[in-house]
Amino acid sequence: MELFTAHDGTELAYHVVGDGPPVVCLPGGPQDSAYLGDLGGLSAHRQLIMLDLRGTGRSAMPADIASCRCDRLVEDVEALRGRLGLDRIDLLAHSGGANLAVRYAGRHPGHVGRLGLITPSVRAVGIGITDELRRETVQPRRDEPWFPEAFAALEAIGAGRATADSWQAVAPFSYGRWDEVAQAHKAAEDKQLNMEVVAAFNAEGAFDPDATRAALARFESPVLLLAGEVDPGAPPATTAEFAGLFRNAEFIVQSGAGHFPWLDDADRFVAAILSFLR
């Protein structure tokens, strides 16, 4: 673990894993970057610089919780780039971290080499995901034993009747295989979330979709958007629409994958990322 100080004095942590050319990794949540692991073995080929966003993991809780808002975290990423001494960074972002990544790319386009968005959230660009699309995305899993309960919970969430049990019941949809590895990953992830920080990240003013879309339309660096075939959190159709906002984007769907594709098929995931980063 390495530490550096943000512009407001908050001490931030990042973790260095593996060897090779560096790539900065932004977690979703926001939560402890530990859930990323080594991204399915990507660390054997690239040095992964995994940032714990402020208020998560080993990074300090800021004096002002409002500084955890997505748009305000952009300067933490810029401070990390400066700490690493890199003029341009290759950037990988997962899930909610994609919101921060595209806000960073919009504000500091010249400092991004390649931008990879893994099962990305689309809040920052204002794309909607319909309940119907989520239901269609999970249908290939209808023969799995946990499906009836999970699907009923998905329906309840879509209808505004969600409970804590509903969110737990839909967990299998986030993984291509609901096995012991996936269940352990989910249990660990639940402990890594600080809901106060999550609320601050998404607070009013965090996103400006029109401005972000305009900035991404001008963004010239190569972009990869990777969707999981059965991921209702970032359905392939939605991720394809996201890809259309860039002038130089590649869109791929990982077969059989959910929201954490490096867990579902590590070899396929790593091959896709390496082909893009090359």
Side-chain angles (χ1 to χ4, degrees), residues 1-4 12-59 68 70 73 76-77 80-81 83-84 89-102 104 112 114-121 171 174-177 179-194 197-198 201 224-228 231 233-234 239 252 254 257-274 276-277:
M1 183 187 73
E2 303 285 344
L3 298 172
F4 68 104
L12 303 178
Y14 64 95
H15 308 265
V16 181
V17 182
D19 297 301
V23 55
V24 172
C25 304
L26 302 180
Q31 67 189 82
D32 189 332
S33 65
Y35 83 93
L36 296 171
D38 68 351
L39 288 176
L42 184 61
S43 61
H45 309 275
R46 298 292 296 251
Q47 183 183 73
L48 308 183
I49 310 293
M50 299 186 175
L51 177 63
D52 285 346
L53 304 180
R54 56 176 58 208
T56 73
R58 303 299 292 273
S59 289
C68 293
C70 181
L73 292 178
D76 288 352
V77 180
L80 174 60
R81 183 195 64 80
R83 167 61 183 262
L84 297 173
I89 55 174
D90 287 339
L91 192 58
L92 288 182
H94 174 245
S95 188
N99 295 314
L100 175 55
V102 297
Y104 179 81
V112 180
R114 290 177 177 266
L115 174 63
L117 306 177
I118 302 164
T119 58
S121 169
S174 293
Y175 299 87
R177 295 183 305 276
D179 55 14
E180 291 183 1
V181 172
Q183 292 170 38
H185 187 267
K186 173 60 178 171
E189 184 189 31
D190 287 343
K191 297 176 182 178
Q192 293 161 355
L193 279 171
N194 180 325
V197 175
V198 172
F201 182 87
L224 171 70
L225 294 97
L226 186 151
D231 177 17
T239 306
I252 61 175
Q254 184 171 315
H259 201 58
F260 306 93
W262 63 90
L263 293 178
D264 298 324
D265 188 334
D267 290 345
R268 181 173 293 183
F269 174 79
V270 170
I273 299 300
L274 287 178
F276 169 67
L277 292 175

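What you see below is based on every heavy atom in this structure, not just the backbone, and it leaves out hydrogens, waters and symmetry mates.
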Is the shortest heavy-atom distance from the side chain of [X] to the side chain of [Y] under 4.5 Å?
{"X": "V197", "Y": "Q31", "value": "no"}
{"X": "L48", "Y": "V23", "value": "yes"}
{"X": "F276", "Y": "I252", "value": "no"}
{"X": "P22", "Y": "L84", "value": "no"}
{"X": "L226", "Y": "P261", "value": "yes"}

Does atom CG (D19) have a neighbourhood of more than 12 heavy atoms from anything else shown, all under 6.0 Å?
no
Checking side chain to side chain contact (heavy atoms under 4.5 Å, CB included) for the pair L92/I273: CA distance, chi angles, key distance, verdict?
CA-CA 9 Å; L92 288 182; I273 299 300; 4.0 Å; yes
Taking all heavy atoms of [X] and all of [Y], pick out the closest pair and write down the distance.
{"X": "S121", "Y": "N99", "answer": "OG-ND2, 3.0 Å"}
{"X": "A101", "Y": "L91", "answer": "CB-CD2, 4.0 Å"}
{"X": "L51", "Y": "Y14", "answer": "CA-CB, 4.1 Å"}
{"X": "T119", "Y": "G228", "answer": "CG2-N, 3.7 Å"}
{"X": "A234", "Y": "T239", "answer": "O-OG1, 3.4 Å"}
{"X": "S33", "Y": "H15", "answer": "OG-CD2, 3.6 Å"}

Where do L224 and R114 land on the side chain to side chain contact (heavy atoms under 4.5 Å, CB included) test, with the steps shown first?
CA-CA 8 Å; L224 171 70; R114 290 177 177 266; over 6 Å; no
Under 3.5 Å: donor-acceptor pair, side chain of [X], backbone of [Y]:
{"X": "R81", "Y": "V112", "answer": "no"}
{"X": "Y175", "Y": "V181", "answer": "no"}
{"X": "D52", "Y": "R58", "answer": "yes"}
{"X": "R46", "Y": "G20", "answer": "no"}

To the nearest 0.5 angstrom, please state how far the CG atom of L263 sits from the NE2 atom of H185.
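Interatomic distance, L263 CG to H185 NE2, rounded to 0.5 Å: 4.5 Å.
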Say you draw a straight line from SG of C68 to CZ of R54; how long is it, rounded to the nearest 0.5 Å?
6.5 Å
Report the C-alpha distance between D76 and L53 in whole Å, list the side-chain angles of each, state the deciding distance to 0.1 Å, and finish with yes or no for side chain to side chain contact (heavy atoms under 4.5 Å, CB included).
CA-CA 8 Å; D76 288 352; L53 304 180; over 6 Å; no
Identify which one of L42, V270, L36 satisfies the side-chain contact (heavy atoms from CB on, under 4.5 Å) criterion when paired with W262.
L36
How are the rings of H259 and H94 set to each other: parallel, tilted or perpendicular (split at 30° and 60°)?
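Answer is tilted, since the angle falls between 30° and 60°.
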Say whether T56 and D32, considering side chains only, have a donor N or O and an acceptor N or O under 3.5 Å apart.
no
